[in-house]
Amino acid sequence: MPVLPDLYAAEPIPDSALSEVTRLLASADLFRYTAPDQAPVSLLEQEFAQMLGAKYALAVSSCSAALFLSLKALALPERARVLIPAFTFAAVPSSVVHADCVPVLVECGDNYRIDMSDFAAKLPDADAVIISHMRGHTSDMDAIIALCAASNVPVVEDAAHSLGTTWNGQNIGTLGAIGCFSFQSYKMINAGEGGIMVTDDADLAARAIIMSGAYEHTWMKHAIPADAMNRWQNQLPLYNLRLSNLAAAVIRPQLDELPRRVANGRRNHDHVAARLNTSDLFHVPAPLNGECRAPDSIQFNLINVSDAQTQAFAQQAADRGLKVQIFGQSRDNARAFWNWQFLGDTPDLPQTRAMLMRACDLRLPARLSLDECDIIADLLLDLAKTLATSKAA
Ligand SMILES: *Cc1c(COP(=O)(O)O)cnc(C)c1O
């Protein structure tokens with residue numbers, strides 16, 4: 001039996017991070033605003049903005065902090081209604097609650113993307129929209145941006161899992177008013193924790209910079225026009241959600257690794273997807289037109305099976321050493337909307353619920369070789385045979 005690859009081990013941080021971390025430890029210059037200029041966090045912001053083709057970037061403590069600051073920067077009224085997809089991570093509705101807004105959940109289809117008819121129906125009552133590109137699946141951004149522009153509703157992109165994905169050639173995270181990314185360990189760039197937000201709007205950037213904790217005139221160390229900053233000086237609370245220089249020193253060398261990780265992640269995903277789609281029991285939804293993905297995991301649906309068969313499939317995979325998560329079937333899963341009890345009553349969203357009850361989630365890191373991907377695909381296709389036999393019985 002070939003040995004299954006470890007799907008949880010992280011890729012090593014590039015060696016070049018070490019000399020910078022050593023320098024920072026020796027000087028103890030860990031706070032972004034201590035050095036007069038060229039602090040690692042500031043350099044990261046400039047490099048990230050340039051890489052994405054955005055005017056401004058603000059590095060913060062997490063993507064959740066970036067989402068919270070985005071809503072705050074938009075200056076929404078209290079109890080503003082924010083549309084979010086019902087298929088997302090619990091951190092997304094949490095950031096909405098944190099910003100004193102009310103999340104409104106929108107149905108998602110069995111291709112994991114926002115259901116556009118439910119979106120259009122709920123948009124007239126919305127003050128803002130967070131499009132969470134969950135697991136890097138892009139919803140129909142042409143339709144979403146057009147509908148929101150027509151209604152004058154701002155769009156925040158939760159691109160935590162979409163770094164490197166493009167839509168009609170444009171980087172995900174630069175389509176809406178603000179884009180938010182994560183440097184948590186399970187994302188394309190790993191600093192343990194961290195996040196960054198990008199925007200082309202100087203006032204949104206200025207407001208977010210101050211609220212992230214740029215007190216007094218520390219904003220002068222940001223690459224942003226002074227007039228925008230002067231408009232907001234002393235007007236806003238400081239939430240102190242800054243990133244440390246140590247995190248930036250770990251992130252910056254990984255920016256150069258991104259094209260390889262994106263290319264290999266897509267190669268691995270598409271290889272396993274094509275193999276799984278040879279079985280009638282599996283379906284890997286195709287990307288949308290215009291979408292070029294950067295996956296580090298794969299999602300697939302089990303077709304025409306019962307709950308019992310779905311659970312047996314996950315158990316048999318686990319028995320053979322492969323952890324396949326079925327979003328709706330594991331207890332207390334943070335991606336199943338009915339577990340977001342902190343929201344009070346969650347609405348019944350039958351379409352999203354049905355998807356979550358059959359959608360399988362498997363990590364597929366970019367560092368795997370195609371041979372290792374085949375070991376995983378072989379095992380899954382073997383389990384499909386067992387599943388087919390149980391269906392026939
Ligand atoms: C990871 C993730 C987040 C949260 O990111 P943090 O940096 O851990 O706060 C939000 N949304 C999605 C889609 C994610 O995958």
Side-chain angles (χ1 to χ4, degrees), residues 17 20-76 95 98-100 156 160 173-174 177-184 189 191-255:
E20 179 69 347
V21 169
T22 306
R23 184 185 74 80
L24 289 172
L25 294 185
S27 65
D29 183 7
L30 306 183
F31 182 52
R32 67 165 299 166
Y33 294 130
T34 302
D37 55 14
Q38 308 273 307
V41 178
S42 301
L43 295 174
L44 166 65
E45 288 169 344
Q46 287 160 34
E47 291 158 358
F48 197 89
Q50 192 181 16
M51 179 178 87
L52 280 205
K55 276 195 188 151
Y56 311 108
L58 171 65
V60 291
S61 53
S62 69
C63 181
S64 300
L67 292 170
F68 163 75
L69 285 173
S70 298
L71 296 176
K72 284 289 181 190
L74 288 169
L76 301 170
S95 69
H98 188 189
D100 292 320
V156 175
T174 65
I178 308 177
C180 302
F181 297 85
S182 176
F183 300 126
Q184 186 268 341
I189 291 182
E193 303 284 359
I196 198 164
M197 53 201 285
V198 297
T199 182
D200 285 343
D201 183 311
D203 280 285
L204 288 179
R207 291 172 55 82
I209 285 170
I210 291 176
M211 287 189 280
S212 77
Y215 59 93
E216 297 165 353
H217 297 143
T218 47
W219 54 258
M220 287 183 177
K221 293 173 182 173
H222 286 263
I224 181 155
D227 61 333
M229 297 306 308
N230 283 320
R231 271 195 288 281
W232 300 108
Q233 182 79 53
N234 300 339
Q235 302 299 310
L236 298 165
L238 308 171
Y239 295 106
N240 284 12
L241 300 164
R242 295 171 301 247
L243 193 74
S244 129
N245 278 339
L246 272 181
V250 169
I251 293 163
R252 290 180 61 217
Q254 293 182 63
L255 298 180

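Between the CD1 atom of I178 and the CG atom of L204 there is a distance of 4.5 Å, given to the nearest 0.5 Å. Summarising the geometry, atom CG belonging to L25 is positioned 6.0 Å from atom CG belonging to L246; distances are rounded to the nearest 0.5 Å. Rounded to the nearest 0.5 Å, atoms CG (L238) and CD1 (I210) are 8.0 Å apart.
When all heavy atoms of L243 and E193 are compared, the pair lying nearest together is CD1-O, 4.4 Å. Summarising the geometry of V198 relative to G173, their closest heavy-atom pair is CG2-O, 3.3 Å, with the distance given to 0.1 Å. Looking at every heavy atom in both residues, T199 comes nearest to A177 through OG1-O, 2.7 Å.
Using a 4.5 Å cut-off on side-chain heavy atoms (C-beta onward), Q233 and H217 make contact. Using a 4.5 Å heavy-atom threshold, the side chains of I189 and F181 count as separate. Contact of the V156 side chain with the L74 side chain is registered, since non-hydrogen atoms from C-beta on lie closer than 4.5 Å.
Partner of N245 under the side chain to side chain contact (heavy atoms under 4.5 Å, CB included) criterion, chosen from D29, L43, V21, V250: D29.
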Please set out all donor-acceptor pairs under 3.5 angstrom arising from side-chain atoms of residues 54-65, sequence neighbours excluded.
from	atom 1	to	atom 2	distance (Å)
S62	OG	S64	N	3.3
S62	OG	A65	N	2.9

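Atom CD of Q50 has 12 or fewer neighbouring heavy atoms from other residues, nucleotides or ligands inside a 6.0 Å radius.
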Could you go through the side chain to side chain contact (heavy atoms under 4.5 Å, CB included) check for N240 and R242 one step at a time? CA-CA 6 Å; N240 284 12; R242 295 171 301 247; 3.3 Å; yes

Please evaluate residues D100 and K72 with respect to the criterion side chain to side chain contact (heavy atoms under 4.5 Å, CB included), reporting the C-alpha separation (whole Å), side-chain torsions for both, the decisive distance (0.1 Å), and the verdict. CA-CA 9 Å; D100 292 320; K72 284 289 181 190; 4.1 Å; yes

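Residue pairs meeting the side-chain hydrogen bond (donor to acceptor under 3.5 Å, both in side chains) criterion with at least one member in residues 206-216, sequence neighbours excluded, do not occur. Within the structure, salt bridge (charged side-chain N to carboxylate O under 4.0 Å, His left out) pairs that include any residue of residues 34-49 comprise R32-E45, E47-R252 (at least two apart or interchain).
In this structure D203 satisfies the salt bridge (charged side-chain N to carboxylate O under 4.0 Å, His left out) test together with R231, sequence neighbours excluded. F31 pairs by the ring pair (Phe, Tyr, Trp, His ring centres under 6.0 Å) definition with Y33, not counting sequence neighbours. With sequence neighbours left out, the ring pair (Phe, Tyr, Trp, His ring centres under 6.0 Å) criterion links F68 to H98, Y239.
Remark: the backbone N or O of Q38 is not paired with any side-chain donor or acceptor of S42 at under 3.5 angstrom.
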